[in-house]
Amino acid sequence: MPSQEPPRRRVPRPARPAGGARPGPGGRPGPAKRRTYRPGPPRGPRKLKLGSPKPRLRFVAFGLSLVVLVFAVRLLQVQAVDASAYTTKADQNRVLKSTIAAERGEITDRSGVPLAASDDAYDITADPSMFAPAFSKASDTPERAAALLAPVLGADQANLVKKLRTPNSRYTVLASRQTPQVWNQIKDLKSVLATKAGKDAAAGGPGTNPLAGVFDEESSKRVYPNGDLAAGILGFVNGTGHGAGGIESMLDKQLAGRNGEISYTQSGGRRVPTGSSSEKPAVPGTDVELTIDRDIQWEAQQAIADQVKKSKADRGYVVVQNARTGEVLAMADAPGFDPNDLSTANSANLGNAALQDAYEPGSVAKIMTMSAVLQQKAASPLTHVVVPNRLHRGDRLFHDDIDHATEYLTLNGVLAKSSNIGTIEAAGHLGSTQAQADKVLYSYLTKFGIGQPTGLAFPGETQGLLAKPQDWSTSQQFTIPFGQGLSLNALQAASVYSTIANGGVRVQPTLIKGTRGPDGRFTPTPAPRTNRVVSPATARTVGTMLESVVGNVEGTGTSAQIPGYRVAGKTGTANRVDPKTGSYRGYTASFAGFAPVDKPQITVYCAIQNPTKGSYFGGSICGPIFKKVMEFSLKTLQVPPTGSAPARLPVTFDPGSGH
């Protein structure tokens with residue numbers, strides 16, 4: 001039987017000290033024993049275990065999708081939601097809009113000769129936003145541009161700077177209606193600066209062109225080829241391009257036409273040839289053809305200007321009218337003005353005095369009284385009229401221009417010698433009472449157009465003053481028959497004589513013959529209104545009596561005689577109301593008439609206000625003007641000479657003969 005041994009007891013080993021040395025006897029560390037490396041058998045290549053790529057690919061795909069989504073949303077916002085806003089903003093920076101000025105219509109005389117026309121011109125404009133530092137890359141661009149432009153435009157440099165610095169603006173006008181030469185000078189300067197700016201930019205500089213934001217707009221400049229000829233009729237065009245007087249103002253809308261508009265793409269102040277553009281064409285203005293004859297107008301203007309200067313008068317006017325049609329052939333006043341250069345004009349002369357001045361006509365108005373007396377059969381040309389040196393009526397004592405002994409005149413002689421007293425006596429026979437006589441005379445005065453608009457509708461025209469007969473003062477009851485106490489304008493006075501020349505029918509005066517539209521079609525002015533004032537017989541009789549004024553040696557208008565033609569006329573010398581004081585001071589000298597008496601064609605009226613040198617009588621200073629203008633008009637219009645002998649009506653009667 002095997003022996004049984006007791007189990008062995010394990011004795012724990014003491015811990016090894018740091019460094020791996022085994023402990024020595026007694027537990028102390030013994031000397032460290034170096035272990036030698038013995039390479040084992042060679043191992044195979046180590047295998048790397050890679051992670052799955054799917055999570056990372058999913059992450060990258062998600063990120064890219066998120067970026068694309070952001071871009072897509074932004075693109076949708078830009079191209080769909082905010083497209084119009086961005087387009088507008090882009091257009092504001094790229095597209096410029098410019099006005100195409102309509103060509104203003106011409107004003108011509110009756111033969112188509114231009115009296116007012118338009119020449120090519122340019123408005124010099126600027127885009128203030130292009131002068132801002134953000135665009136021009138310089139803070140002093142407006143000052144540099146103004147310094148270059150001021151001497152070319154003749155403008156104030158500080159004012160140009162102010163315009164170029166206009167905040168929140170894309171458009172400003174630097175100068176209007178400049179000549180093509182001015183714009184060419186600016187364009188050349190702009191081109192030189194653009195080339196210089198390009199070289200500067202290529203060298204690394206800012207490349208600033210101070211005139212990049214300066215542009216041009218085609219416009220037109222009103223010119224008057226004949227200078228001051230018919231200036232009072234034509235008027236003028238102001239700085240804004242609108243008519244400011246005369247026909248230019250009266251027919252401004254028709255003459256102006258309608259402006260167009262052009263928009264185009266620009267970059268750096270230059271038009272992009274391939275860029276988008278749109279254009280709304282301008283509609284030219286309507287041409288206006290006047291009834292004025294340029295040659296007759298020139299003759300009338302020269303004649304009145306010379307006499308006003310010679311007489312040192314305040315002003316004067318001449319009206320020439322076709323007695324049959326009412327057409328105004330000339331309407332001249334002096335002093336005048338040159339509408340091409342208003343800087344030298346006197347503001348008091350810018351209107352048309354022949355239509356705008358109201359004054360008392362004096363004795364030229366006596367033919368209206370005589371016409372009424374004859375038409376009412378209150379007297380005849382041979383009626384005897386005793387004319388004392390003085391005549392007491394109402395509260396006044398009346399007299400003629402010169403003292404004289406009692407005169408024995410026929411009614412024809414009263415008109416021929418222009419007797420105030422004789423006219424008062426004749427007018428008294430228009431009614432059984434003075435009040436009735438006043439009403440009858442008033443009715444004829446209004447039929448002749450006194451106190452009524454002429455019908456021209458001319459700017460600033462006066463219709464004169466004629467009170468109702470019940471409002472006539474005691475003085476007016478006796479002064480109105482011989483042309484004091486009422487007022488008219490020069491055209492109204494001429495129209496009175498044209499009415500007698502036209503057989504007693506008043507034709508409303510006309511100044512416009514017709515218009516020609518942009519399509520070239522001519523539209524004549526509608527026929528003027530007419531009204532019969534006196535019978536043909538009365539008109540012929542009055543014409544014969546007026547012939548005595550010129551043809552009889554005792555008449556006051558002998559200076560108006562024209563060889564070869566029978567002439568009817570009447571002188572006038574009226575007390576003049578001073579417009580400054582309202583009291584009588586000085587005289588209005590006048591002469592009116594028509595020719596030939598046997599077949600009247602032309603009426604001429606002349607008046608001179610306040611002559612201060614030489615004679616102030618109408619026959620002396622206006623008679624020669626009448627003759628000069630009438631003679632020229634007859635020849636210009638090729639009116640044949642008179643073919644009949646004049647009627648010789650007596651001027652006086654023999655009180656002892658009983659006839």
side-chain contact (heavy atoms from CB on, under 4.5 Å) between V214 and F131, intermediate numbers included: CA-CA 10 Å; V214 177; F131 292 84; 3.9 Å; yes

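- We find the CG-CD distance between N259 and E217 to be 9.5 Å, quoted to the nearest 0.5 Å.
- Residue D120 places its CG atom among 12 or fewer non-hydrogen atoms of other residues, nucleotides or ligands, all under 6.0 Å distant.
- In this structure, S487 contributes its side chain and L465 its backbone to a donor-acceptor pair below 3.5 Å.
- Sorted by first then second residue, the salt bridge (Lys or Arg N to Asp or Glu O under 4.0 Å) pairs that include residues 560-572, not counting sequence neighbours, are E547-R566.
- Around atom NZ of K221, no more than 12 heavy atoms belonging to other residues, nucleotides or ligands sit under 6.0 Å away.
- Scanning both residues, A300 and V318, for their nearest heavy atoms gives CB-CG1, 3.9 Å.
- N226 places a side-chain N or O within donor-acceptor distance of the main-chain N or O of P114, the cut-off being under 3.5 Å.
- Rounding to the nearest 0.5 Å gives a distance of 6.0 Å between CZ of F591 and OG of S559.
- N238 and T240 share a side-chain donor-acceptor pair at under 3.5 Å.
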Audit row: L637, L329, side-chain contact (heavy atoms from CB on, under 4.5 Å) steps and yes/no: CA-CA 11 Å; L637 300 178; L329 302 177; 3.7 Å; yes

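- A donor-acceptor pair is defined here as one N or O able to donate and one able to accept, closer than 3.5 Å; no such pair exists between the side chain of N502 and the backbone of G504.
- Taking the charged nitrogens against the carboxylate oxygens, E299 and K635 have no contact shorter than 4.0 Å, which rules out a salt bridge.
- A donor and an acceptor atom, one from each side chain of Q181 and Q185, are nowhere located under 3.5 Å apart.
- Residue pairs meeting the salt bridge (Lys or Arg N to Asp or Glu O under 4.0 Å) criterion with at least one member in residues 100-114, sequence neighbours excluded, are R104-E248, R104-D252, R110-E327.
- The shortest non-hydrogen separation linking G569 to V549 is O-CB, 3.1 Å.
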Determine whether D341 and S343 satisfy the following criterion, side chain to side chain donor-acceptor pair (under 3.5 Å), listing intermediate values before the conclusion. CA-CA 5 Å; D341 185 12; S343 62; 2.4 Å; yes

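- You'll find the side chain of L546 reaches within 4.5 Å of the side chain of F594, heavy atoms only.
- Going from atom CG of L466 over to atom CG of L486 covers 6.0 Å, rounded to the nearest 0.5 Å.
- A donor-acceptor pair is defined here as one N or O able to donate and one able to accept, closer than 3.5 Å; such a pair exists between the side chain of N340 and the backbone of Y224.
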Decide side-chain contact (heavy atoms from CB on, under 4.5 Å) for F236 and L342; before the verdict, give the C-alpha distance in whole Å, the side-chain angles of both, and the deciding distance to 0.1 Å. CA-CA 9 Å; F236 56 93; L342 297 177; 3.4 Å; yes

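- Checked by atom type and distance alone, the side chain of N322 pairs as donor or acceptor with a backbone atom of T325 at under 3.5 Å.
- In this structure the side chain of N489 reaches within 4.5 angstrom of the side chain of T454, judged on heavy atoms.
- Between Y587 and Y359, a ring centre-to-centre spacing not shorter than 6.0 Å is recorded.
- By the 4.5 Å heavy-atom criterion applied to side chains, I608 and T588 are not counted as neighbours.
- No donor-acceptor distance shorter than 3.5 angstrom exists from the side chain of S111 to the backbone of V113, with no hydrogens or angles considered.
- Under a 3.5 Å cut-off, the side chain of D333 and the backbone N or O of A353 do form a donor-acceptor pair.
- Remark: the backbone N or O of I512 is not paired with any side-chain donor or acceptor of T510 at under 3.5 angstrom.
- Shown here for E289 and R516, the closest heavy-atom pair between the two residues is OE1-NH2, 4.5 Å.
- No side-chain heavy atom of Y605 sits less than 4.5 Å from a side-chain heavy atom of L491.
- To the nearest 0.5 Å, the span separating CD1 on I562 from NZ on K628 amounts to 13.0 Å.
- We find the OG-CG distance between S191 and L193 to be 9.0 Å, quoted to the nearest 0.5 Å.
- Taking all atoms of both residues into account, the shortest heavy-atom contact from K163 to P128 is O-CG, 3.8 Å.
- To the nearest 0.5 angstrom, R324 atom CZ is 8.0 Å from K599 atom NZ.
- V182 has its side chain within reach of I186: a pair of non-hydrogen atoms, C-beta onward, lies under 4.5 Å apart.
- The environment of Q302 atom CD is dense: over 12 non-hydrogen atoms of other residues, nucleotides or ligands sit within 6.0 angstrom.
- With 3.5 Å as the limit, one finds a donor-acceptor pair spanning the side chains of Y317 and D357.
- Side-chain contact between T108 and V288: absent, with no pair of heavy atoms (C-beta onward) separated by less than 4.5 Å.
- Defined by atom type and a distance below 3.5 Å, a donor-acceptor pair is present between the side-chain atoms of Q321 and S498.
- Sorted pairs that involve residues 144-159 and meet salt bridge (Lys or Arg N to Asp or Glu O under 4.0 Å), not counting sequence neighbours, are lacking altogether.
- No side-chain donor-acceptor contact under 3.5 Å links S311 to the backbone of V308.
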Derivation and outcome, salt bridge (charged side-chain N to carboxylate O under 4.0 Å, His left out), residues D578 and R585: CA-CA 6 Å; D578 187 341; R585 186 180 70 84; 2.8 Å; yes

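- Q254 and T515 form no side-chain donor-acceptor contact under 3.5 Å, judged by distance and modelled atom types alone.
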S495 vs F448, test: side-chain contact (heavy atoms from CB on, under 4.5 Å). Steps then yes/no. CA-CA 8 Å; S495 180; F448 273 109; over 6 Å; no

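- Shown here for G460 and Q356, the closest heavy-atom pair between the two residues is O-CG, 3.1 Å.
- Judged by the 6.0 Å and 45° rule, K627 forms no cation-pi pair with F632.
- Counting only distance, with no hydrogens or angles, the side chain of T462 and the backbone of A358 share no donor-acceptor pair below 3.5 Å.
- Under the 3.5 Å distance criterion, with hydrogens and angles disregarded, a donor-acceptor pair is assigned to the side chains of Q508 and R529.
- The shortest non-hydrogen separation linking T530 to V507 is CG2-CG2, 4.0 Å.
- Looking at I292 and I233, their side chains come closer than 4.5 Å, going by heavy atoms from C-beta outward.
- Annotation: side chain of K613 is not in contact with side chain of K309 (no heavy-atom distance under 4.5 Å).
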